[in-house]
Amino acid sequence: MPRITITRPDDWHIHLRDGDVLDRTVNDVALWAHRAVVMPNLTPPVKTAAEATQYHTRIMAALADNKRFEPLMTLYLTDATTPQDIKEASDSELICGVKLYPAGATTNSAAGVTGLETLKPTLAAMQECDLPLLIHGEVTDPDVDIFDREAKFIERTLGPLVEEFPTLRIILEHITTQDSVDFVSESRAGVAATITPQHLLFDRNDMLVGGIRPHLFCLPILKRRQHKEALRSAATSGNPKFFIGTDSAPHTVETKESACGCAGCYSAHAAIPLYAEVFEEEGCLDKLEAFTSHFGADFYRKARNEDTLDLVRQDNLAPDYLTFGSSSVIPLRAGESLRWRLEPSQ
């Protein structure tokens, strides 16, 4: 059966959450990733270096037997984040960046940023300390259609930000549109983007036609097919500005299939096989390794991993559900056939 070997990947954007779910989320990603950039939108959020250190300790305690896994911590940017907070974060060996959530844009973002004008000294400190800014790129104005929020954010906020802070490293997270692909491709050095498996595999028809599929609801929301095709072209292009970031998030059945309809997809159980499927369909399996294992490490100025991971071309069923404590999560592609599987480590 066909087999490919790639340098062990990293995940440059993931939600591990906290408490009981850590036992599952951490160990799922640690099966295939050496490092993962951990989002800080807990309740309450991770706003200081001290809080990030405490969260790191809880993550490491949840690891079963894979202590080589390295969580890379982030701070949650608020209107009150100071240059001193940035200096302390920069001095920490555990923290790799600061996450900007526009207030109200997504899960646990109520404490997010309401405007950047008063945060310019903080952003200047990030630029001086060379601490990357990770951005959830959507406006939250009620007069902007949800399918246009990413494009409007680029126009109103991201474009001016990139110009005003010319050496600040910026990652536009989980991009979903042709607009983002074009912006990142044409931007200066130091601007990059992560792409999720769900935005490469699905478009809004998959989520809405024939009845709503709540387990495909995520933010930024799935867009038109033409945007999905633009993302697939970017991911498989070999352009180092685009790299893996699963945005995997463990929302339980109760929170997804409810009036809340929480936003997020769980993919940590099968992320690399899902990406491999896309790259195979695009005829670019030879570029999978760079996307999953090289470009993100290079952008974050980390050494590329030295060990490898094997993928086997063999149909296998994704689980119908995954157990998370007393509840369960319906993962991405639940109950469906996957074309690739990870070969267990020897």
Side-chain angles (χ1 to χ4, degrees), residues 11 13-22 24-25 28-29 39 41-43 101-110 112 136-140 142 144-150 173-177 194-229 231-232 245-271 273-275 277-278 317-338:
D11 189 345
H13 182 114
I14 195 169
H15 297 270
L16 299 179
R17 303 297 191 229
D18 210 350
D20 292 343
V21 303
L22 273 178
R24 178 96 210 193
T25 57
D28 276 354
V29 68
M39 295 298 103
N41 58 331
L42 305 182
T43 305
Y101 291 103
T106 189
T107 305
N108 297 342
S109 62
H136 181 113
E138 292 189 286
V139 300
T140 57
V144 177
D145 188 281
I146 190 170
F147 293 101
D148 297 330
R149 288 180 172 185
E150 186 171 286
E173 302 279 20
H174 41 53
I175 62 171
T176 66
T177 60
T194 56
I195 307 179
T196 76
Q198 63 264 26
H199 290 108
L200 294 172
L201 289 164
F202 305 106
D203 57 51
R204 67 186 191 180
N205 275 1
D206 296 304
M207 181 178 63
L208 297 173
V209 172
I212 295 173
R213 297 177 65 189
H215 298 283
L216 287 182
F217 175 57
C218 56
L219 288 173
I221 198 166
L222 298 173
K223 303 298 195 301
R224 291 179 182 273
R225 181 170 300 172
Q226 68 195 59
H227 294 294
K228 180 186 73 173
E229 296 305 320
L231 297 178
R232 290 168 74 103
T246 65
D247 196 25
S248 180
H251 294 290
T252 62
V253 174
E254 296 84 0
T255 59
K256 292 290 285 183
E257 299 176 5
S258 69
C260 162
C262 288
C265 300
Y266 192 79
S267 59
H269 67 297
L274 291 171
Y275 282 115
E277 182 175 316
V278 172
L317 283 180
D320 290 326
Y321 67 91
L322 299 170
T323 300
F324 281 73
S326 60
S327 189
S328 59
V329 167
I330 307 298
L332 205 62
R333 293 282 294 277
E336 298 179 22
S337 180
L338 305 178

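Residue numbers start at 1 and run along the sequence shown.
Within the 3.5 Å criterion, the main-chain N or O of L200 finds a donor-acceptor partner in the side chain of R232. Looking only at distances, a side-chain donor or acceptor of K256 sits under 3.5 Å from a matching main-chain atom of G264. Using a distance-only test at 3.5 Å, with no hydrogens or angles considered, no donor-acceptor pair links the side chain of T194 to the main chain of G245. Panel note: side chain S327, backbone F324; no donor-acceptor pair is recorded below 3.5 Å.
Side-chain atoms of T246 and Y275, non-hydrogen and from C-beta on, do get closer than 4.5 Å to each other. For the pair H15/T107, no side-chain contact is recorded, criterion being any heavy-atom separation below 4.5 Å from C-beta on. No side-chain heavy atom of T25 sits less than 4.5 Å from a side-chain heavy atom of R17. Taking 4.5 Å as the limit, some side-chain heavy atom of I146 sits within range of a side-chain heavy atom of L219. The shortest side-chain heavy-atom distance between Y101 and E173 does not fall under the 4.5 Å cut-off.
Here D203 pairs with R225, K228 under the salt bridge (Lys or Arg N to Asp or Glu O under 4.0 Å) rule; sequence neighbours left out.
Taking the six-membered ring for Trp and thresholds of 30 and 60 degrees, Y266 and H269 have nearly parallel ring planes, at less than 30 degrees apart. Relative ring orientation between H174 and H136 is described as perpendicular, the plane-to-plane angle rising above 60° on a 0-90° scale split at 30° and 60°.
Aromatic ring centres of H215 and H251 lie farther apart than the 6.0 Å criterion allows.
With respect to T176, the side chain to side chain donor-acceptor pair (under 3.5 Å) criterion is satisfied by exactly one of E150, H199, R149, E138: E150. With T196 as the fixed residue, the side chain to side chain contact (heavy atoms under 4.5 Å, CB included) test singles out one of L332, L274, D247, L231: D247.
Residue-environment remark: CG (D20) stays at or below the threshold of 12 foreign heavy atoms within 6.0 Å. In this structure, R224 places its CZ atom where only 12 or fewer heavy-atom neighbours from other residues, nucleotides or ligands lie under 6.0 Å away.
Nearest heavy atom pair, residue A103 against residue A110, reads CB-O, 4.2 Å. Nearest heavy-atom pair across T140 and G104 is CG2-C, 4.0 Å. In plain terms, the two heavy atoms of P331 and Y321 that are nearest each other are CD-CA, 3.9 Å. Between R213 and D206, the shortest heavy-atom distance links the atoms CD-O, 3.0 Å. Nearest heavy-atom pair, S248 versus S267, reported as atom, atom and distance to 0.1 Å: OG-N, 3.0 Å.
Here Q198 contributes atom CD and L216 contributes atom CG; the two are 8.5 Å apart, rounded to the nearest 0.5 Å.
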Evaluation steps, side chain to side chain contact (heavy atoms under 4.5 Å, CB included), between V329 and V21: CA-CA 10 Å; V329 167; V21 303; over 6 Å; no
